Protein chains: 2
Amino acid sequence: MRVKITDIAKLLDISPSTVSRALAGSPKISDKTKKKVIDLAKQLNYLPDLVAQSLKSNKTKTIGFIIPDISNPVCPEITKGAEDLASENNLNVILCNSDYKTVKEIENLKTLIQKRVDGILIIPAGNGNYLNKILDDIKCVLLDKKPGSKFEKNHVYTDHEAGAYLATKHLIELGHNKIAIVNGPKNHSPCEQMEKGYIKALKQFGIPLTSEYIRKCNFKKEHGCKEMKALLSLGKEKWPTGIIFISDMTAIGAYDAIYEKDYKIPRDFSIIGYDNILEAKYFNPPLTTVNQARYELGQIGMRLLIDELKDKKNSEKKIIKLEPRLVVRESSGPPAKP
Amino acid sequence: MRVKITDIAKLLDISPSTVSRALAGSPKISDKTKKKVIDLAKQLNYLPDLVAQSLKSNKTKTIGFIIPDISNPVCPEITKGAEDLASENNLNVILCNSDYKTVKEIENLKTLIQKRVDGILIIPAGNGNYLNKILDDIKCVLLDKKPGSKFEKNHVYTDHEAGAYLATKHLIELGHNKIAIVNGPKNHSPCEQMEKGYIKALKQFGIPLTSEYIRKCNFKKEHGCKEMKALLSLGKEKWPTGIIFISDMTAIGAYDAIYEKDYKIPRDFSIIGYDNILEAKYFNPPLTTVNQARYELGQIGMRLLIDELKDKKNSEKKIIKLEPRLVVRESSGPPAKP
DNA sequence: CTGTTAGCGCGTTCAT
DNA sequence: ATGAACGCGCTAACAG
């Protein structure tokens, strides 16, 4: 059995509240009793029961953290940024994967609320518009989702519209005019933004949209490979010469499809990824990509949440936008002359 | 204010215990009251307070999960394996990073115990021998640590001795006899095992040990780069021609050091990594490495823990050993002829 | 300075 | 089939 406050009280023949106060360092307790209590507690290896404390205090010192998939290479650093700061503030993090499913996300949310977490950090699986009801009066921060017109929550997000715009413009300036985007699923906030940025750049440079060049897939390598194969099957005349992928992982899947047919990058296809994962620099050829500050995203999100936890009066919500940055490497170049 | 059982009771003019029983589906409650209660609960969006339940039941439905660093590319998949299974079993996971520091690890452990987690999954930061006292009567599973002679806990680990042996033997069979290992820090269980495997292979093939060829560093890219530079500074005569790294990330750091001096892989140096991260296949050249089943490690660990949670009688502890596998790619080849 | 009492929200006796 | 009373471990209000 674990030792509790009443055990110490009995052994010392004092009341439980005195023990509690002594342990809490209350100034009203004599130094003598304080010492007695603290010594015995140490000796018995007493550890306060945080569940009981939570019931009383209405605080759990625990944060819920919901992300799509920790094995997506983007997530670990976001998580680390959040966890590091939580740890510094004596907070623990419950990690939940939604697997990009809003149903699972909502289940996770309910459980977290039942566990009375002090706050929630969430990267929405979908567009996140459905979250306002559930999150209601929970302190929380939405990550990587551009806030809608009526935002009621804190937001930290990367300007993916700008990211996709930069990538598209880069290809256009290299001389490409047949540019495809292999985007993520519909109804996913960052992907919606990326499509906007892509279209904005094309329009700006007077390049007509081609519906076959706007494709959707999921975030894994295999999906990128499959979409690249679909593009290849369009026939040489209609091939896009520059392709932007939703993630570095899907881009690397495209490498597979391209090499399988003995084409070359960037001679035949310029490939641009997204995320700038650590390994992108070492791909063959090194991948041109859009860098986003992942650690900061998590860290700033947790910062906002912690600020809100400390803040008694329910002050105004904050929005923080992070700027992505194009990283030009060798997977992009001018298109082959016909 | 959140709605609680007593609220429902008052509105229905029945006792809290009846509500509690109805919600729990007790057979002693009439179907009529049951329906009334359940309907109202749904209507009021009642969610039971799990903190209060935990205090009563001594169960938190929460697992503590301590790893060195979620941003180390090995960890996410282990975590996913564990979390997926936890999720299926209505368990949540509190994620803690020890940052490879035993001090932080022990702090995390204490907090988790105070939060009364049902069990703990841990990848020890060091050799883990100090853990027996603290974990004492906590249900837990040690991950990626070879059990000592007197094991009192469940263990799931990869046979890193075999992994390093395979890598070393591969280099020897290619014709190398100057083989270095850039290992992880001392007192780290997997690294101790790897050194054993390396030495075993050298001995078996009658190759003498060279102390300068046994190096230690940390797990990040930069550390691998630094150690490779140190090896390069040994001078051409003493250069090892084959080098085994503790991780794919440190190996890729070595690529940097090698390319900086315009040497070639594997012409001048054969490089072998460890882990087989998803991206290793796409490095330039594709990295020969040792594959370990990461998702399975986490999953099997959680399986064991869940089994132990269900098991009333404190049954015997289990040890599960996973076998690594050499993945030969193009970063390893015969040494250059003198 | 210290002890007594009460209550956080729930489940579980023990009554009826 | 239902209600009253109690306790999980801790802290805070009240009393002295």
Side-chain angles (χ1 to χ4, degrees), chain A residues 1-41 44-62 90 110-118, chain B residues 1-41 44-62 90 110-118:
Chain A
M1 290 310 298
R2 46 199 292 167
V3 17
K4 46 201 170 178
I5 264 186
T6 50
D7 297 330
I8 299 183
K10 271 177 201 158
L11 284 169
L12 258 31
D13 202 32
I14 55 180
S15 85
S17 10
T18 307
V19 177
S20 171
R21 283 188 275 244
L23 257 17
S26 158
K28 301 183 185 178
I29 302 289
S30 74
D31 287 351
K32 209 178 69 186
T33 7
K34 240 182 219 171
K35 185 168 162 28
K36 270 198 314 190
V37 169
I38 292 171
D39 285 352
L40 184 57
L44 297 180
N45 200 17
Y46 167 76
L47 291 176
D49 183 325
L50 294 184
V51 174
Q53 281 188 349
S54 293
L55 186 62
K56 188 99 238 274
S57 69
N58 251 323
K59 289 192 176 49
T60 53
K61 292 286 184 181
T62 306
N90 287 314
K110 281 192 185 166
T111 310
L112 291 175
I113 291 172
Q114 294 192 58
K115 293 206 173 172
R116 288 180 157 251
V117 293
D118 294 339
Chain B
M1 290 310 300
R2 46 197 294 165
V3 21
K4 46 202 170 178
I5 267 186
T6 50
D7 297 330
I8 299 182
K10 271 177 200 158
L11 284 168
L12 258 33
D13 202 35
I14 55 179
S15 84
S17 8
T18 306
V19 178
S20 170
R21 281 188 276 244
L23 256 17
S26 157
K28 300 183 182 178
I29 302 289
S30 75
D31 287 352
K32 209 179 69 186
T33 12
K34 241 182 219 173
K35 184 167 162 30
K36 272 199 307 189
V37 170
I38 291 171
D39 284 353
L40 184 57
L44 297 180
N45 199 16
Y46 167 75
L47 291 176
D49 183 326
L50 293 184
V51 174
Q53 281 188 348
S54 293
L55 186 62
K56 188 102 237 278
S57 68
N58 251 323
K59 289 193 176 47
T60 53
K61 292 285 185 184
T62 307
N90 287 316
K110 280 191 184 166
T111 310
L112 291 175
I113 292 172
Q114 294 192 58
K115 292 206 173 172
R116 288 179 159 251
V117 293
D118 294 339

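No hydrogens, no waters, no symmetry mates; every other heavy atom, side chains included, goes into these values. Each chain gets a letter, A, B and so on, in the order its sequence line appears, and its residues count up from 1. Owing to the predicted nature of the structure, the values given are computational and were not obtained by experimental measurement.
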### Message
Please encode protein proximity along nucleotides 10-16 of chain C as a string of B, S and -, counting only heavy-atom distances under 4.0 Å.
### Response
BBBB---
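- Rounded to whole angstrom, the span from the CD1 atom of Ile113(A) across to the P atom of dG9(C) amounts to 16 Å.
- A straight line from CG of Asn58(B) to P of dG9(C) spans 20 Å, rounded to a whole angstrom.
- Formation of a donor-acceptor pair under 3.5 Å by the Asp39(B) side chain with backbone atoms of Lys36(B) is not found in this model.
- Looking at heavy-atom distances under 4.0 Å, Ser57(A) makes no contact with the nucleic acid at all.
- Between Ser30(A) and the phosphate of dT2(C), there is a side-chain N or O to OP1/OP2 separation shorter than 4.0 Å.
- Relative to the side chain of Leu55(B), the nucleotides dT2(D), dT4(C), dG9(C) differ in distance, and dG9(C) lies closest.
- Checked by atom type and distance alone, the side chain of Thr60(B) never pairs as donor or acceptor with a backbone atom of Ser54(B) at under 3.5 Å.
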Identify every side-chain donor-acceptor pair in residues 18-26 of chain B under 3.5 Å, counting partners at least two apart or on other chains, and give the distances.
{"from": "Thr18(B)", "atom 1": "OG1", "to": "Ser15(B)", "atom 2": "OG", "distance (Å)": "3.1"}
{"from": "Ser26(B)", "atom 1": "OG", "to": "Lys28(B)", "atom 2": "N", "distance (Å)": "3.2"}

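- To the nearest angstrom, C1' of dG3(C) lies 10 Å from CD1 of Ile29(A).
- Atom CD in Gln114(B) sits roughly 10 Å away from atom P in dC10(D) (whole-Å rounding).
- For Lys115(B), the side chain to side chain donor-acceptor pair (under 3.5 Å) partners are Thr62(A), Asn92(A), not counting sequence neighbours.
- Side-chain atoms of Asp7(B) come within 3.5 Å of backbone atoms of Lys4(B) as a donor-acceptor pair (strictly under, hydrogens ignored).
- Taking 4.0 angstrom as the limit, Ser54(B) places none of its side-chain polar atoms (N or O) nearer than this to OP1 or OP2 of dC8(D).
- Judged purely by atom type and a 3.5 angstrom limit, Ser57(B) uses its side chain to pair as donor or acceptor with the backbone of Gln53(B).
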